[in-house]
There are 2 protein chains.
Amino acid sequence: MSESPDKFEVLKLGNQLCFPLYACAKEVVRIYREPLEEIGLTYTQYIVMMVLWEFGTMTEKELGGKLYLDSGTLTPVLKKLEKSGFVKRQRSEKDERSLSISLTNDGINLKEKALNVPQALDGCIHLSYDEMLTLRALLNKALEGTKKRRERNG
Amino acid sequence: MSESPDKFEVLKLGNQLCFPLYACAKEVVRIYREPLEEIGLTYTQYIVMMVLWEFGTMTEKELGGKLYLDSGTLTPVLKKLEKSGFVKRQRSEKDERSLSISLTNDGINLKEKALNVPQALDGCIHLSYDEMLTLRALLNKALEGTKKRRERNG
DNA sequence: CGTAATTAAATTGTGCACAATTTATTTTTT
DNA sequence: AAAAAATAAATTGTGCACAATTTAATTACG
């Protein structure tokens with residue numbers, strides 16, 4: 001009895017979901033690098049700022065929950081954003097364990113300059129608007145699924 | 001004259017393609033960590049091995065082309081794979097600049113153990129099979145687009 | 001033919017990511 | 001209330017990722 005001839009099909013790059021996901025994410029971050037550099041942000045700093053622009057002051061923990069990042073990543077990123085003058089870091093009054101992250105005036109004003117950053121993808125990602133919406137919806141759905149898993153497993 | 005009320009809509013996390021892409025990719029790599037650790041690979045080492053399993057011996061440059069990685073990333077990864085005994089690194093005979101990467105017997109045998117790694121996503125990503133196929137196709141299409149851009153810009 | 005331009009790896013330096021541990025604070029349990 | 005458990009940041013250590021530079025080899029050009 002010979003084994004199935006395509007037993008190893010699952011290990012081909014083209015049959016994997018993980019690889020285009022991984023590579024595509026990196027490409028997008030790479031494409032964002034230049035416009036972000038112009039306004040003085042790295043990609044990780046940019047998504048932190050986006051959360052603060054949208055939701056306002058919150059703790060490092062809450063920020064990490066929205067961005068899927070832990071303190072090991074966020075602590076140094078937030079210290080740099082503080083040094084750049086875009087955020088304030090201060091201990092919460094009602095719970096000294098928590099760190100409250102809020103925007104400075106410079107941080108608030110940066111929002112205006114960031115408006116054209118997402119356009120960097122135009123002409124790089126060759127998808128129709130509908131395809132883009134579908135892709136975004138599927139990614140968000142997949143992300144939700146992993147969230148449930150995180151909550152179960154810690 | 002007041003400005004449009006939703007001028008900043010584009011900067012909301014939920015309206016971005018980049019964020020779910022970035023977060024989803026990280027989650028998948030995180031989910032793969034455990035099964036990969038059992039067979040002695042990191043995620044980056046895993047995708048290198050997948051290319052070698054599928055296409056056989058090739059140069060570091062060719063490997064980088066398939067994986068969207070440059071020598072700055074690949075050189076140390078390949079040295080570790082060599083130290084682990086899964087690949088051989090040797091200068092090409094016809095071009096001493098190129099490094100030829102080939103599988104050892106251990107590297108070939110590892111393929112069998114890697115067969116169940118992709119299953120780690122089952123139950124974590126809550127997408128139907130059709131949705132997964134759509135997602136993969138859109139990601140591959142987007143990735144192709146950025147490839148054209150890379151070739152233009154260097 | 002010999003020099004200039006190109007190319008492939010390697011190296012250097014910066015910035016994440018994340019697991020694991022530590023420290024400080026708060027909450028829960030006896 | 002005191003000890004134990006839980007929680008939030010910070011720290012430590014490893015491994016990418018990538019821009020920029022360097023080194024060595026090859027190709028192109030005058």
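If you're wondering where the values come from, they're calculated on a predicted model, not measured in any experiment. Below, chains carry the letters A, B, ... as their sequence lines are ordered, and counting in each starts from 1.
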Where the side chain of [X] is defined as all heavy atoms beyond and including C-beta, which of [options] is the nearest nucleotide?
{"X": "B:Lys79", "options": "C:dT11, D:dA10, D:dC16", "answer": "C:dT11"}
{"X": "A:Thr73", "options": "C:dA8, C:dC18, D:dA8", "answer": "C:dC18"}
{"X": "A:Thr44", "options": "D:dC18, C:dA17, D:dC16", "answer": "C:dA17"}
{"X": "B:Arg33", "options": "C:dA19, D:dA17, C:dA9", "answer": "C:dA19"}
{"X": "A:Leu99", "options": "D:dA9, D:dA17, C:dA10", "answer": "D:dA9"}

Under 4.0 Å between a side-chain N or O of [X] and OP1 or OP2 of [N]?
{"X": "B:Tyr22", "N": "C:dA17", "result": "yes"}
{"X": "A:Lys61", "N": "D:dA8", "result": "yes"}
{"X": "A:Ser98", "N": "C:dT25", "result": "no"}
{"X": "B:Thr42", "N": "D:dC16", "result": "yes"}

Check your understanding: Under 3.5 Å, side chain of A:Trp53 to main-chain N/O of A:Gly107, donor-acceptor pair present?
Key -> yes
Point to revise | B:Thr75 versus B:Glu60, side-chain donor and acceptor atoms under 3.5 Å | key: yes
Check your understanding: Can you give the dot-bracket line for DNA chain C, where a pair is Watson-Crick or G-U wobble with both atom distances under 3.5 Å, crossing pairs use [ ], and | marks a partner on another strand?
Key -> ||||||||||||||||||||||||||||||
Review point. When you check the gap from the basic side-chain N to the acidic O, do B:Glu144 and B:Lys141 get nearer than 4.0 Å?
Key: no
**Study point:** Ion pair check, A:Glu112 and B:Lys7, cut-off under 4.0 Å
**Key:** yes
Review point. Mapping B:Pro76 and A:Gln45 to their closest nucleotides on DNA chain C, which lands nearer the 5' end?
Key: B:Pro76
Point to revise | For B:Asp95, side-chain hydrogen bond (donor to acceptor under 3.5 Å, both in side chains) partners two or more places apart | key: B:Arg97
Exercise for review: Check salt bridge (Lys or Arg N to Asp or Glu O under 4.0 Å) between B:Lys66 and all other residues, then give those that pass, not counting sequence neighbours.
Suggested key: none
Practice item. Mind calculating the distance between CD (A:Glu60) and C1' (C:dT25) to the nearest angstrom? Key: 15 Å
Every protein N/O within reach of nucleotides 20-26 of chain D N/O, cut-off under 3.5 Å:
unit_1	atom_1	unit_2	atom_2	d
D:dT26	OP1	B:Glu96	N	3.1

Practice item. Please examine the side chains of B:Lys111 and A:Leu11, heavy atoms only from C-beta on, and report whether any two atoms are closer than 4.5 Å. Key: yes
Check your understanding: With sequence neighbours left out, which residue pairs that include part of residues 76-87 of chain B fulfil the side chain to side chain donor-acceptor pair (under 3.5 Å) condition?
Key -> B:Glu82-B:Arg89
Exercise for review: Could you tell me which residues satisfy side chain to side chain contact (heavy atoms under 4.5 Å, CB included) with B:Asn116, sequence neighbours excluded, listed by chain and number?
Suggested key: B:Gln119
